[in-house]
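Order of listing sets the numbers, starting from 1, for every ligand and every atom in it.
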Amino acid sequence: MSTVMKGASFVPRYNAVERSTHWTLAISFMIATLSGLALFHPSFWFLSSFLGGGVASKNLHPWAGLVMCVAFVPMAMWYWKDNLIRDYDIAWLKNLPAHLMNKHVEGGPEIDKYNAGQKMLFWSIVGSLLLLLVSGLVLWYDTDLKLPAFWVRISGAAHALASFVLFMGMIVHIYSAIFWIKGSMRAMLRGEVKASWAKHHHPRWYRRVRGDR
Ligand code: HEM
């Protein structure tokens with residue numbers, strides 16, 4: 001990450017490649033979710049009409065899932081280090097109720113590029129996408145693989161469980177990006193955040209990108 005001039009009112013957070021990768025992930029997630037829900041239960045069948053009908057949904061679903069998993073690989077490589085859980089994350093988690101109320105914690109730990117909530121979400125994405133990929137490939141190729149019915153059923157259950165975990169995580173992720181932490185969307189739309197945003201939410205990261213240490 002490049003350093004920024006002291007006093008600059010915006011701080012770079014994501015470059016164009018990172019942003020394009022993220023939005024590829026977001027679009028493929030939407031398509032995989034709509035088609036997956038439509039295939040999962042008849043009460044969600046109406047969702048298939050947004051994707052061109054039942055046949056289109058069935059054909060699109062595994063490819064959208066695959067694009068999502070592949071697009072996440074570079075993101076995992078770029079961000080895993082920034083998402084390692086550190087001592088100060090434990091202190092942040094102890095004040096979780098205050099953070100959930102969006103209250104400033106006086107004397108609280110200084111947060112780096114991501115807070116402990118974002119880090120936990122990151123690792124839940126890693127786990128759920130891995131499980132979705134493996135179980136999804138089994139379900140996609142079940143007839144070719146000639147696996148015992150037991151393993152196909154286990155894969156079906158694992159696929160449903162992992163998609164539920166990812167879906168719940170994404171509700172929190174999207175809600176906090178759009179409504180909760182005001183100013184976050186600018187990071188993924190324009191690649192930069194206000195210096196005041198960075199100083200307030202990620203002071204340790206702000207000092208680092210300013211080149212203070
Ligand atoms: C409409 C959907 C989405 C919106 C509005 C959205 C918004 C955002 C925003 C604003 C950030 C920057 C947060 C920051 O730098 O503090 C971000 C980061 C990120 N997003 Fe999304 N996102 C969406 C979908 C997704 C999906 C589907 C995934 C993965 C399956 C995802 C994974 C990530 C990851 C891994 C980061 C980096 C943060 C980290 O590593 O903890 N996003 N997103």
Does ligand 1 have an atom that lies less than 4.0 angstrom from a heavy atom of Met68? no
Best match, Arg186, His173, Met188, His202: closest heavy atom to atom 43 (N) of ligand 1: His173
For residues Arg208 and Asp82, report the shortest heavy-atom separation together with the two atoms involved. NH2-OD1, 3.9 Å
If you look at His22, which of its N/O/S atoms is nearest to atom 21 (Fe) of ligand 1? NE2
Protein contact of atom 10 (C) of ligand 1 - nearest heavy atom, named by residue and atom, plus distance: Ser184 O, 3.4 Å
Under-4.0 Å heavy-atom contact with ligand 1, by part of Gln118 that carries it: both
To check you understand the geometry: which heavy-atom pair defines the closest contact between Ala195 and Tyr206, and what is its length? CB-OH, 3.8 Å
Checking a contact table here: which protein heavy atom is nearest atom 15 (O) of ligand 1, and how many Å away? Tyr14 OH, 2.5 Å
Is a donor on one side and an acceptor on the other found under 3.5 Å between the side chain of Trp140 and the backbone of Ser135? no
Charged N-O contact under 4.0 Å between Glu192 and Arg186: yes
Should the pair Tyr14 and Tyr114 be assigned to parallel (<30°), tilted (30 to 60°) or perpendicular (>60°) ring geometry? parallel
Starting from atom 1 (C) of ligand 1, which protein heavy atom do you reach first, and at what distance in Å? Met30 CE, 3.4 Å
Heavy-atom pairs closer than 4.0 Å: do any link ligand 1 to the side chain of Lys119, the backbone, both, or neither? neither
Among protein heavy atoms, which lies nearest atom 26 (C) of ligand 1, and at what distance? Met170 SD, 3.3 Å
Is there a donor-acceptor pair closer than 3.5 Å between any side-chain N or O of Arg204 and the backbone N or O of Glu110? yes
Report the nearest protein non-hydrogen atom to atom 3 (C) of ligand 1: residue, atom name, distance rounded to 0.1 Å. Ile174 CG1, 3.6 Å
Test of understanding: given a 4.0 Å heavy-atom threshold, classify the contact between Arg13 and ligand 1 as side chain, backbone, both, or neither. side chain
Can you tell me if Asn83 contacts ligand 1 (heavy atom of the residue under 4.0 Å from the ligand)? yes
Sidechain N-carboxylate O distance under 4.0 Å for Asp112, Arg86: no
May I ask you to decide if the ring planes of His202 and Trp197 are parallel, tilted or perpendicular, using 30° and 60° as cut-offs? tilted
Of the protein's non-hydrogen atoms, which lies at the shortest distance from atom 29 (C) of ligand 1, and what is that distance? Leu25 CD2, 3.2 Å
Nearest to atom 37 (C) of ligand 1 by heavy atom, Tyr114, Trp80, Phe29, Phe122: which? Tyr114
Measuring from Leu39:CG to Leu139:CG, what's the distance to the nearest 0.5 Å? 11.0 Å
Mind listing the closest non-hydrogen atom pair of Leu145 and Leu137 along with its distance? CD1-O, 4.5 Å
Any idea which part of Met75 is under 4.0 Å from ligand 1, heavy-atom wise: side chain, backbone, both or neither? side chain
